[in-house]
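Before any comments, here is the structure.
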Amino acid sequence: MRIALAGIGKIALDQHVPAISSSPDWALAATVSRHGGLEGVENFARIDQMLAARPDISVVSLCLPPVPRFAMAQAALRAGRHVMLEKPPGATLAEVHVLRDLARAQGVSLYATWHSREAQAVAAARAWLAGRVIHEGRITWREDVRVWHPGQDWIFEAGGMGVFDPGINALSILTHILPEPVHVTEAELDFPENRQAPIAARLALSGNIAADFDFRQQGPQTWDMEFVTDAGRLALRLGGNVLEIDGRPAGGAGTIMGEYPALYARMADLVRKGASDVDLAPMVLVADAFTRGRRNLVEKFEF
Ligand code: NAP
């Protein structure tokens, strides 16, 4: 199937292009990029130009940040194309409702991806937790924004989500592996005085689960979650790629790989089946953290 990639930035180059190139399902037929696209692939500066010129491209994968992504998603769906969205699937929940309803009306597939759910130990953690009683959970997601999002001012603008941009990855795993749904009961958000989105956040969730998100971590980076259950302790480390049961290795691997190939395989499957996959549970938690959260002003942040 021919696919177009829009927004040729960090994640497109790091993950989407290699995943498409190595997939038997996809051929990268065009890019939509204001800054030039990729060598050897036809590029369009605007999505409407691509949609008009290339009716043979049935699928569009959108790798832009959430705020500018919505208009492109709407244009692609209106033009009858299947659409794949980077996470988070929108700047607001209502936007994604619009896209979901439009995809349904157009009879095309919409896939709101959550790459962290494809990490190597997530399926095993979900299977292990099924049917168990969780007494307590702790999420620690602390990374250095200067390393992972160098110069990306959009992340601290309204709609950029700040530390919830990585934090929503943790919540996408959490909402996938827990046997019962959870909701935000309290939140505290730290906003740099010169920014519109938080640099750190602490959440309390039902079921005695706590989350600690921080963009100011230097040195070793932490993407862990730990649960105490009626049948022992489970830990997921390295963003869902390492599983430990009662402190001993129980699955996964020490590297991050395979998430994006799995997303593209799933998209191919959805298109073949005429289905969509739009799970907004992680984004509901983030929206509720903004709604429910106390706001602290903290020191200025510059890249
Ligand atoms: P990025 O490099 O800052 O931006 C991606 C591309 O989007 C830009 O290169 C640009 O493409 C286009 N773009 C940016 N702002 C735009 C605007 N206002 N209007 C139109 N186009 C715009 O961001 P990224 O790190 O790739 O992240 C993009 C999405 O992927 C985010 O939702 C993020 O959460 C998700 N993601 C990122 C990572 C990561 O490691 N960075 C990991 C997983 C998921 P052109 O120059 O080609 O037009």
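For clarity, every value in this text was computed on a predicted model and none was experimentally measured. When a ligand or atom number is given, it counts from 1 through the structure's own listing order.
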Original post:
What's the shortest distance from atom 30 (O) of ligand 1 to any protein heavy atom, and which residue and atom give it?
Top reply: Ile11 CG2, 3.3 Å

**OP:** Evaluate the criterion side chain to side chain contact (heavy atoms under 4.5 Å, CB included) for residue pair Trp114 and Val122; output intermediate values, then yes/no.
**Re:** CA-CA 12 Å; Trp114 297 109; Val122 169; over 6 Å; no

Original post:
Can a donor-acceptor pair be found between the side chains of Ser33 and Asn43 at a distance below 3.5 Å?
Top reply: no

**OP:** Within a distance under 4.0 Å of any heavy atom of Arg69, pick out the atoms of ligand 1 and give their elements.
**Re:** 32 (O)

**OP:** Pick whichever of Leu64, Asp153, Ile47, Val67 has a heavy atom sitting closest to atom 29 (C) of ligand 1.
**Re:** Leu64

Subject >> Of the listed options Ala91, Pro65, Gly36, Ala45, closest to atom 4 (O) of ligand 1 (non-hydrogen atoms) >> reply: Pro65

**OP:** Using a strict cut-off of 4.0 Å, indicate which atoms of ligand 1 neighbour a heavy atom of Pro68.
**Re:** 16 (C), 17 (C), 18 (N), 19 (N), 20 (C)

Subject >> Under-4.0 Å heavy-atom contact with ligand 1, by part of Ser33 that carries it >> reply: both

Subject >> Salt bridge Glu259-Arg117, side-chain N to carboxylate O under 4.0 Å >> reply: no

Original post:
At under 4.0 Å between heavy atoms, which part of Ala6 makes contact with ligand 1: side chain, backbone, both or neither?
Top reply: neither

**OP:** Provide, to 0.1 Å, the distance between atom 2 (O) of ligand 1 and the closest protein heavy atom, together with that atom's residue and name.
**Re:** Lys10 N, 2.9 Å

**OP:** Return yes when atom CD of Gln49 has more than 12 non-hydrogen atoms of other residues, nucleotides or ligands closer than 6.0 Å, and no otherwise.
**Re:** yes

**OP:** In plain terms, say whether Asp214 and Arg202 are close enough for a salt bridge, that is, a side-chain N and a carboxylate O under 4.0 Å apart.
**Re:** no

Original post:
Once the angle between the rings of Trp223 and Trp148 is folded into 0 to 90°, is it parallel (under 30°), tilted (30 to 60°) or perpendicular (over 60°)?
Top reply: perpendicular

Subject >> Atom indices of ligand 1 within 4.0 angstrom of His149 heavy atoms, with elements >> reply: 41 (N)

Original post:
With respect to atom 8 (C) of ligand 1, which of Pro166, Pro88, Gly151, Gly9 exhibits the smallest heavy-atom separation?
Top reply: Gly9

Original post:
Should you measure from each heavy atom of Cys63, which atoms of ligand 1 turn up under 4.0 Å away?
Top reply: 5 (C), 28 (C), 29 (C)

Original post:
Using heavy atoms and a threshold below 4.0 Å, how should the contact between Arg34 and ligand 1 be classified: side chain, backbone, both, or neither?
Top reply: both

Original post:
In ligand 1, which numbered atoms sit nearer than 4.0 Å to a non-hydrogen atom of Pro66?
Top reply: 32 (O)

Original post:
Ion pair present between Asp153 and Arg195, side-chain N to carboxylate O less than 4.0 angstrom?
Top reply: yes

Original post:
Salt-bridged, Asp14 to Lys10, with N to O below 4.0 Å?
Top reply: yes

Original post:
For atom 44 (C) of ligand 1, which protein heavy atom lies nearest, and how many Å away is it?
Top reply: Glu86 OE1, 3.4 Å

Subject >> Test: Arg266 and Asp277 ion pair at under 4.0 Å >> reply: yes

Original post:
What atoms of ligand 1 come closer than 4.0 angstrom to any heavy atom of Asp165?
Top reply: 33 (C), 34 (O)

**OP:** Could you find the nearest protein heavy atom to atom 27 (O) of ligand 1 and give me its residue, atom name and distance?
**Re:** Trp154 CZ2, 3.8 Å

**OP:** Could you tell me whether Arg138 atom CZ has more than 12 heavy atoms of other residues or ligands within 6.0 Å of it?
**Re:** no

**OP:** Give the atoms of ligand 1, by number and element, whose distance to some non-hydrogen atom of Ile8 is under 4.0 Å.
**Re:** 9 (O), 11 (O), 45 (P), 47 (O)

Enumerate donor-acceptor pairs with a distance under 3.5 Å from any side-chain N or O in residues 295-303 to protein atoms, sequence neighbours excluded.
unit_1, atom_1, unit_2, atom_2, d
Asn296, ND2, Glu188, OE2, 2.9
Asn296, ND2, Asp190, OD1, 2.9
Glu302, OE2, Asn194, ND2, 3.1

Original post:
Taking the six-membered ring where the residue is Trp, are the ring centres of His149 and Phe215 under 6.0 Å apart?
Top reply: yes

Subject >> Candidate with minimal heavy-atom separation from atom 24 (P) of ligand 1, of Gln152, Gln15, Met72 >> reply: Gln152

**OP:** Find all atoms of ligand 1 within a distance of less than 4.0 Å from any non-hydrogen atom belonging to His35, and give their numbers and elements.
**Re:** 45 (P), 46 (O)

Original post:
For ligand 1, which part of Trp114 has a heavy atom less than 4.0 Å away: the side chain, the backbone, both, or neither?
Top reply: neither

